[in-house]
Amino acid sequence: MLTAHGNASQEAGLLRAIGEQLINRGLRVRERVRGGELTEIESANPRDPAQSRVIIGCDGFLIWERWYRLRTDHDAHTIAQVASTLLDQNISHQSTSQPANGNSS
């Protein structure tokens with residue numbers, strides 16, 4: 001099976017490599033298989049799995065969920081800082097010359 005980004009077995013191998021890195025960092029990883037192919041991996045915060053998790057898919061998506069209680073200005077600042085840090089990461093080979101909002105000026 002081919003996807004828009006390449007060979008499914010190559011993508012499954014890359015997912016497994018990510019999973020191994022997470023395991024080496026002390027995290028548990030659950031694999032999701034569809035049609036006999038590895039399509040997603042999921043890992044959660046080992047101290048409190050209900051509070052945060054990440055899902056990574058073979059087609060390039062990354063979902064990070066983290067539950068915060070929003071009670072104070074400090075909480076709001078922390079959430080904005082975490083979101084900004086995540087969105088500012090260049091984790092692909094694409095150029096970062098364009099701002100995150102898509103405007104070139």
Side-chain angles (χ1 to χ4, degrees):
M1 172 171 58
L2 292 176
T3 67
H5 301 288
N7 181 304
S9 62
Q10 177 185 9
E11 292 165 347
L14 293 171
L15 276 180
R16 283 194 177 89
I18 294 168
E20 288 174 12
Q21 290 181 47
L22 295 173
I23 290 168
N24 290 339
R25 291 180 169 99
L27 299 172
R28 291 185 182 173
V29 174
R30 182 171 58 185
E31 294 184 347
R32 295 182 181 162
V33 177
R34 293 189 183 104
E37 294 285 340
L38 177 63
T39 58
E40 296 176 1
I41 59 173
E42 179 178 344
S43 186
N45 179 336
R47 291 179 303 275
D48 193 352
Q51 289 299 309
S52 66
R53 70 180 181 150
V54 64
I55 302 169
I56 304 164
C58 66
D59 56 358
F61 74 83
L62 183 147
I63 298 171
W64 179 65
E65 294 179 334
R66 173 69 170 102
W67 296 100
Y68 283 100
R69 292 191 181 249
L70 188 55
R71 295 183 188 154
T72 66
D73 288 343
H74 178 71
D75 296 341
H77 175 76
T78 299
I79 291 169
Q81 186 174 20
V82 168
S84 175
T85 299
L86 289 172
L87 294 172
D88 194 37
Q89 296 301 307
N90 179 19
I91 58 173
S92 73
H93 57 80
Q94 297 173 354
S95 170
T96 58
S97 61
Q98 192 171 21
N101 66 8
N103 295 331
S104 59
S105 57

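Residue numbers count from 1 along this sequence. The shown structure was predicted, so the numbers you read here are calculated from the model rather than taken from an experiment. Below, each value reflects all heavy atoms present in this structure, side chains not excepted, and no hydrogens, waters or symmetry copies.
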Tracing side-chain contacts under 4.5 Å among Ile, Leu, Val, Met, Phe, Trp and Tyr outward from Trp67 reaches none
Nearest-0.5 Å distance, CZ of residue Arg32 to CD1 of residue Ile41
10.5 Å
State yes or no: do Phe61 and Leu86 share one hydrophobic cluster built from I, L, V, M, F, W and Y residues joined by side-chain heavy-atom distances below 4.5 Å, directly or via other members?
no
Hey, which of Arg34, Arg16, Arg53 is the one that makes salt bridge (Lys or Arg N to Asp or Glu O under 4.0 Å) with Glu40?
Arg34
First locate atom CZ of Arg69, then atom CG of Asp75, and finally report the distance between them rounded to the nearest 0.5 Å.
10.0 Å
Who pairs with Arg66 by salt bridge (charged side-chain N to carboxylate O under 4.0 Å, His left out), at least two apart in sequence or on another chain?
none
With hydrophobic residues grouped by side-chain heavy-atom distances under 4.5 Å, do Ile63 and Leu14 end up in a single group?
no
Tell me if a side-chain donor or acceptor on Asp88 pairs with a main-chain N or O of Thr85 at a distance below 3.5 Å.
no
For a side-chain contact (heavy atoms from CB on, under 4.5 Å) check, start with the C-alpha distance between His74 and Thr78, then their side-chain angles and the critical distance, and finish with the verdict.
CA-CA 6 Å; His74 178 71; Thr78 299; 3.6 Å; yes
So, Ser43 side chain and Val54 main chain: donor-acceptor pair closer than 3.5 Å or not?
no
Donor-acceptor pairs under 3.5 Å, side chain of residues 18-28 to any protein atom, not counting sequence neighbours: which ones?
residue: Asn24; atom: ND2; partner: Glu20; partner atom: O; Å: 3.3

From Glu65 CD over to Ile55 CD1, what is the distance, rounded to the nearest 0.5 angstrom?
6.0 Å
